[in-house]
Amino acid sequence: MQRLTNKQIILGITGGIAAYKSAELTRLLKGAGADVRVVMTPSATEFITPLTLQALSGNPVHLHLLDAEAEAGMGHIELAKWADLVLIAPASANFMARLASGQGDDLLTTLCLATEAPICLAPAMNQAMWKDAGTQQNTEILKKRGIKLFGPGIGEQACGDTGPGRMLEPEEIANNTADQFETGSLTGKTVFITAGPTREPLDPVRYISNHSSGKMGYALAEAAVEAGAKVKLVSGPVNLPAPARMERVSVESAQEMLEASLQDLSLCDIFIAAAAVADYRPTAISEHKIKKGSEEIMELHLVKNPDIVATVASNSPKPFTVGFAAETKDVLEYARGKLEKKNLDLIIANDVSRSDIGFNSDENAVTVISATEAEELPQASKRQLANRLIEKIAFQYKAATSN
Ligand code: PMT
């Protein structure tokens, strides 16, 4: 299970023979879904090359505190703020001593001083160095400051000694790291969400569209990320910034939204269709701007667009599929009809006749409908409502997949 999805982890590597294990640790953290940035002390580079860690982490490796180029990219303060957790593995006796005395004489110690994220250390050193009174005193100081220690393990050491001081195996460190985070209701799940309107072009300057702002879909995407999911947001044209920690695919037309939704659908556990997709598009797109003629009435010929959520729900195997129903009358009745016709697992009925909720407003009120029950969620901000909806969807998803 991808227990570290959306998590941003700084892996600090200090000088010691166990540094070679940091390559495997980087691979495991990435495999668990984390975004990993590696920071190395100068002596760590004597044991393993930054290039190896850059290739495995997929990010540039940070080496120096006073490097103008690196600071212009992601400086030590930005790195410190970026991290959800700072993991130092291996942590040498020297590094622990510097950290315990509050020094900030290189990038890694400075970053540890500047971060508000939890810090975890995986000590690695010779057994005599570990038992030394100085190291033991430093360990106590660090623990009192709330810094967590993973290990060290006991066993045979690179120098031939046997005793405490071995760095734990990468798998154990990766698991301990994941244990530091609370598990969300969608941890390890992949969620696709459509949001916003579509635009169906008539000519190079005109299109058919609607009033969807994307706020509801974006709020759902953020709530899903917070619940631990890996999110792909397929967005029509909206004036909202790309949310952090998710993939946003920008599209214009219904056809493009369909293609982006079907891409990698086999990876999708839950599909949520919050977009307001144009049901029809012009049969032809004029190459040039359509000129005003003498006739008073102009006829447009439209053809039906593919139904994205119904296409997704007809897939085999099908993700848990959730639609919205935007209606101006007989809201619940029409919503139930769409639930059945589109073969959905849940539908969220949205009364869009009101100006204080629905299209383009900051608030919404909906009814969540399944084949057997309906539950009203009262008016709230779209963000609050999204949190409640994600919890309900996660609950229903688990019930549906536990059989
Ligand atoms: O974007 P906001 O301003 O925040 O507004 C939010 C919202 C009102 C747009 C949203 O809450 C909402 O109700 N979205 C669904 C709008 C809609 O098009 O509903 P519908 O009843 O026409 O469609 C039913 C379902 O089929 C929807 O899940 C829709 O995404 C999907 N659909 C419709 C047509 C189509 N060709 N493909 C689809 O996937």
Side-chain angles (χ1 to χ4, degrees), residues 191-200 208-223 233-240 243 251-262 265 268 270-281 302-315 318-369 377 379-386 388-390 393:
V191 178
F192 288 8
I193 299 177
T194 66
T198 62
R199 283 181 183 170
E200 310 300 329
I208 297 172
S209 192
N210 58 64
H211 294 294
S212 170
S213 62
K215 287 177 194 167
M216 190 69 244
Y218 275 56
L220 283 163
E222 281 172 3
L233 176 62
V234 182
S235 171
V238 296
N239 285 321
L240 297 172
V251 297
E252 295 261 330
S253 65
Q255 189 59 41
E256 285 173 14
M257 190 172 270
L258 174 71
E259 282 159 25
S261 298
L262 295 183
L265 189 65
C268 173
I270 300 174
F271 188 93
I272 306 174
V277 185
D279 288 325
Y280 290 88
R281 67 178 184 277
L302 303 176
V303 59
K304 218 177 209 172
N305 265 329
D307 192 304
I308 299 165
V309 77
T311 309
V312 166
S314 68
N315 209 63
K318 147 189 187 245
F320 187 82
T321 313
V322 183
F324 270 76
E327 304 292 350
T328 53
K329 65 171 187 135
D330 302 329
V331 180
L332 299 190
E333 196 185 322
Y334 282 132
R336 283 200 178 91
K338 285 178 181 171
L339 175 78
E340 201 176 325
K341 191 163 167 231
K342 298 186 190 221
N343 188 27
L344 307 178
D345 296 290
L346 282 181
I347 195 150
I348 299 160
N350 207 168
D351 183 345
V352 289
S353 66
R354 289 168 53 181
S355 59
D356 59 333
I357 58 167
F359 281 107
N360 205 11
S361 63
D362 290 329
E363 300 200 335
N364 211 356
V366 297
T367 306
V368 183
I369 302 174
L377 299 187
Q379 186 163 344
S381 73
K382 283 184 174 167
R383 191 51 226 267
Q384 284 169 332
L385 199 69
R388 292 200 63 194
L389 282 170
I390 287 297
I393 291 167

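Numbering of ligands and ligand atoms starts at 1, following listing order. Here, residue 1 is the first one in the sequence, and each next residue gets the next number.
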Polar contacts were defined as any N/O atom of the residue lying under 3.5 Å from an N/O atom of the ligand; does this apply to [X] and ligand 1?
{"X": "N305", "result": "no"}
{"X": "G217", "result": "no"}
{"X": "N350", "result": "yes"}
{"X": "V352", "result": "no"}
{"X": "P306", "result": "yes"}
{"X": "G323", "result": "no"}
{"X": "T194", "result": "no"}

Decide whether the shortest distance between a heavy atom of A254 and an atom of ligand 1 is less than 4.0 Å. no

Are there more than 12 heavy atoms of other residues, nucleotides or ligands under 6.0 Å from atom CZ of F359? yes

Which distance, rounded to the nearest 0.5 Å, do you find between the [atom1] of [X] and the [atom2] of [Y]?
{"X": "Q379", "Y": "I357", "atom1": "CD", "atom2": "CD1", "result": "6.0 Å"}
{"X": "C268", "Y": "F320", "atom1": "SG", "atom2": "CZ", "result": "11.5 Å"}
{"X": "I272", "Y": "L233", "atom1": "CD1", "atom2": "CG", "result": "10.5 Å"}

When you compare the side chain of [Y] with that of [X], does any pair of heavy atoms fall below 4.5 Å?
{"X": "T311", "Y": "L258", "result": "yes"}
{"X": "Q255", "Y": "P306", "result": "yes"}
{"X": "I369", "Y": "R336", "result": "yes"}
{"X": "E333", "Y": "E327", "result": "no"}
{"X": "R281", "Y": "V303", "result": "yes"}

To the nearest 0.1 Å, how far is [atom] from its closest protein heavy atom, and which atom is that?
{"atom": "atom 24 (C) of ligand 1", "value": "F324 O, 2.9 Å"}
{"atom": "atom 2 (P) of ligand 1", "value": "S213 OG, 3.4 Å"}
{"atom": "atom 33 (C) of ligand 1", "value": "K342 NZ, 3.7 Å"}
{"atom": "atom 39 (O) of ligand 1", "value": "V309 N, 2.9 Å"}
{"atom": "atom 6 (C) of ligand 1", "value": "M216 CB, 3.6 Å"}
{"atom": "atom 37 (N) of ligand 1", "value": "I308 N, 3.0 Å"}
{"atom": "atom 1 (O) of ligand 1", "value": "S212 OG, 2.6 Å"}

Of the side chain and backbone of [X], name the one, both, or neither that has a heavy atom under 4.0 Å from an atom of ligand 1.
{"X": "V366", "result": "neither"}
{"X": "S361", "result": "neither"}
{"X": "A195", "result": "neither"}
{"X": "V277", "result": "both"}

Closest to [atom] (judged by heavy-atom distance), picking from [options]:
{"atom": "atom 21 (O) of ligand 1", "options": "K382, E363, K338", "value": "K338"}
{"atom": "atom 38 (C) of ligand 1", "options": "L220, D307, I357", "value": "D307"}
{"atom": "atom 14 (N) of ligand 1", "options": "A274, A310, A276", "value": "A274"}

Suppose I only count heavy atoms of [X] and a 4.0 Å limit; which atoms of ligand 1 are within that range?
{"X": "A275", "result": "14 (N), 15 (C), 16 (C), 17 (C), 18 (O), 29 (C), 30 (O)"}
{"X": "A273", "result": "27 (C), 28 (O), 30 (O)"}
{"X": "N360", "result": "2 (P), 3 (O)"}
{"X": "G214", "result": "1 (O), 2 (P), 3 (O)"}
{"X": "D279", "result": "34 (C)"}
{"X": "A325", "result": "21 (O)"}
{"X": "A326", "result": "13 (O), 16 (C), 17 (C), 19 (O), 20 (P), 21 (O)"}
{"X": "K215", "result": "1 (O), 2 (P), 4 (O)"}

Side-chain H-bond candidate by donor/acceptor type, [X] with [Y], under 3.5 Å:
{"X": "Y218", "Y": "S213", "value": "no"}
{"X": "S353", "Y": "D351", "value": "yes"}
{"X": "S261", "Y": "E259", "value": "no"}

Under the 3.5 angstrom rule, does the side chain of K382 hit a backbone N or O of S361 as a donor-acceptor pair? yes

Can you check whether N360's main-chain N or O pairs, donor with acceptor, with K215's side chain at less than 3.5 Å? yes

Does the side-chain contact (heavy atoms from CB on, under 4.5 Å) test come out yes or no for V277 and T194, once each step is laid out? CA-CA 9 Å; V277 185; T194 66; 5.6 Å; no

Taking only Lys NZ, Arg NE, NH1 and NH2, and the carboxylate oxygens of Asp or Glu, determine whether R383 and E222 approach each other closer than 4.0 Å. yes

Can a salt bridge be assigned to the pair K304 and D279 using a cut-off of 4.0 Å between side-chain N and carboxylate O? no

